[in-house]
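Given the structure is predicted, the values throughout are model-derived calculations rather than measurements.
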Amino acid sequence: MADFTTSTHRSKWLFSPQDLMDKYKAANQRARQSLEKYGSTRIELDMDGSLSYPEPQADAKDSAEKHSRPKPLKIDEEKLLRAFYEFKIQDVCDAFKFPRKIQATALIYFKRFYLQWSVMEHHPKEIMLTCIYTACKAEENHVLAEELGRGIEQDHHTILNNEMLVLQSLGFDLIVYAPYRALEGFVSDMEEFCEPSEQLQLLKESSKVEIDRTMLTEAPLLFPPGQLALAALRKANNLHAVPDFDRYLESMVSGHHPTHTIAELTVSLNVIDSLISKLETPTAKDMKHIDRKLKACRDPGSSDKYFSTNFIFLETTNLNEGPKKPKF
């Protein structure tokens, strides 16, 4: 059975906050340099899997007026755009009624991808679909690219064309550990502290909702899944008050994690809570200005009349009817 302690998830894909900021800055700076040199940040994926940039543009190098050049996205604008599409990943997975594990895996793939790249280089609308498709394959919940593309009215060739790029960017580390499995184990342990009851099941379901929100933050890149699950349990237990959580935490730490103190674990749980409390839902209105800047960076020759918000607004329905038509 796979073990998180010996996994690449633990050894390669958990970072400090400063590590994350350094990676975001590096990707943003590379895109800025491409915009300066080539006049565009778009990177094309060739048939052989190599990446190619457009030819240098004269107006990008020799323009007499700096203000005529496209303005690159700021790091905070990139962050907001990534957040927007992470919400869209959840929307798509809900529309197709995919299990939570697939949703979590797709989100982790998406987060890892944009540790390597700027949104100015690869549009998140396209990458998110490939991440969902790849997550379905990794979790053995097979769905055809044609089916996924048809369900949300997107070209399935885009999904397939980006597959190798996503795999390479993930270092082919496709096994990820979502907090939901750890949650099941913790709830099972809690049965020693309180009788199995409907309230305990309500606690578990509320915790799953908290994990859903946690997955939209940077916490999955900062903390192991067990701590994400514990933070969700603690938050949900504030509402349901099923076990004596402090007593359970003390027993759990002493019995299973002798290398950690309760104080150390509490600090981590508090940081996770703080990240969730700062979570905001970006709206299409919020995104409109950023989308225009992104369009200018990737397609600087486009006329303003072609600018539009290229975001997916999914309304989930019964899959027998299929997901409703996305709006752009």
Side-chain angles (χ1 to χ4, degrees), residues 24-46 51-89 91-92 110-111 113-132 149 152-162 165-166 169 280-314 325-328:
Y24 295 140
K25 284 182 178 179
N28 181 268
Q29 182 62 28
R30 186 180 60 242
R32 286 172 175 267
Q33 292 171 348
S34 296
L35 188 62
E36 182 72 19
K37 182 176 181 180
Y38 302 108
S40 171
T41 61
R42 179 191 292 273
I43 298 179
E44 299 291 349
L45 184 65
D46 296 332
L51 300 173
S52 62
Y53 290 86
E55 291 295 324
Q57 300 294 310
D59 61 342
K61 297 194 300 183
D62 305 319
S63 176
E65 298 183 7
K66 269 191 172 183
H67 69 270
S68 66
R69 300 177 184 175
K71 302 295 183 183
L73 270 64
K74 300 176 182 177
I75 292 176
D76 286 346
E77 290 173 327
E78 290 208 49
K79 180 179 180 180
L80 197 58
L81 193 62
R82 291 195 306 270
F84 184 90
Y85 280 102
E86 288 182 10
F87 276 95
K88 296 305 114 184
I89 286 175
D91 286 346
V92 172
F110 186 85
K111 292 174 187 293
F113 181 90
Y114 283 109
L115 292 177
Q116 324 298 324
W117 300 102
S118 164
V119 299
M120 292 182 280
E121 295 171 316
H122 299 288
H123 201 301
K125 181 182 71 174
E126 299 172 355
I127 297 303
M128 77 160 193
L129 298 175
T130 304
C131 287
I132 294 170
I152 54 179
E153 296 196 351
Q154 293 292 294
D155 184 1
H156 74 275
H157 292 102
T158 300
I159 299 174
L160 295 174
N161 289 344
N162 284 314
L165 172 66
V166 168
S169 299
E280 297 181 359
T281 306
T283 67
K285 184 176 180 180
D286 296 331
M287 294 292 96
K288 188 172 183 179
H289 173 66
I290 298 176
D291 184 47
R292 289 174 65 90
K293 289 183 67 175
L294 180 62
K295 180 74 171 179
C297 290
R298 291 173 56 80
D299 299 294
S302 298
S303 170
D304 277 353
K305 69 180 181 180
Y306 294 110
F307 280 110
S308 63
T309 52
N310 293 319
F311 305 122
I312 295 175
F313 300 94
L314 287 170
K325 178 180 179 180
K327 304 173 184 177
F328 296 93

Legend entry - Chi angles and distances behind the side chain to side chain contact (heavy atoms under 4.5 Å, CB included) call for M120, L35: CA-CA 9 Å; M120 292 182 280; L35 188 62; 5.7 Å; no
Inset, instruction - Report the C-alpha distance between T158 and N161 in whole Å, list the side-chain angles of each, state the deciding distance to 0.1 Å, and finish with yes or no for side-chain hydrogen bond (donor to acceptor under 3.5 Å, both in side chains). - result: CA-CA 5 Å; T158 300; N161 289 344; 5.5 Å; no
Inset, instruction - Go through the steps to decide whether V92 and M128 satisfy the test side chain to side chain contact (heavy atoms under 4.5 Å, CB included), and finish with yes or no. - result: CA-CA 10 Å; V92 172; M128 77 160 193; 4.1 Å; yes
Legend entry - Stepwise side chain to side chain contact (heavy atoms under 4.5 Å, CB included) test for W117 and I127: CA-CA 11 Å; W117 300 102; I127 297 303; over 6 Å; no
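Atom CZ of residue F113 and atom CG of residue L165 lie 4.0 Å apart, to the nearest 0.5 angstrom. If you take CZ on F84 and OG1 on T281, they are separated by 10.5 Å, rounding to the nearest 0.5 Å. The CG atom of L160 lies 9.0 Å from the CG atom of D155; values are rounded to the nearest 0.5 Å. L73 contributes atom CG, which lies 8.0 Å from atom NE2 of H289 (distance to the nearest 0.5 angstrom). Separation of atoms CZ (R32) and CD (E36) is listed at 10.5 Å; rounding is to 0.5 Å. With rounding to the nearest 0.5 Å, the separation of CG in D299 from CG in L294 is 8.5 Å.
A pairwise comparison of heavy atoms in I159 and G149 identifies CD1-N, 4.0 Å as the closest pair. S118 approaches A27 most closely through the heavy-atom pair CB-O, 3.5 Å. Between S34 and T41, the shortest heavy-atom contact is CB-CA, 4.5 Å. Contact record, Q116 with S169: CG-O, 3.6 Å, taken as the closest heavy-atom pair.
Judged purely by atom type and a 3.5 angstrom limit, E126 has no side-chain atom pairing as donor or acceptor with the backbone of H123. Using modelled atom types, no side-chain atom of E77 and backbone atom of I290 make a donor-acceptor pair closer than 3.5 Å. The closest donor-acceptor contact from the side chain of Y114 to the backbone of K79 lies at 3.5 Å or more, if one exists at all. Judged purely by atom type and a 3.5 angstrom limit, R298 uses its side chain to pair as donor or acceptor with the backbone of E121. No donor-acceptor pair under 3.5 Å is formed between the side chain of D291 and the backbone N or O of K288.
Two residues are said to be in side-chain contact when any heavy atoms from C-beta on lie closer than 4.5 Å; K88 and F110 fail this criterion.
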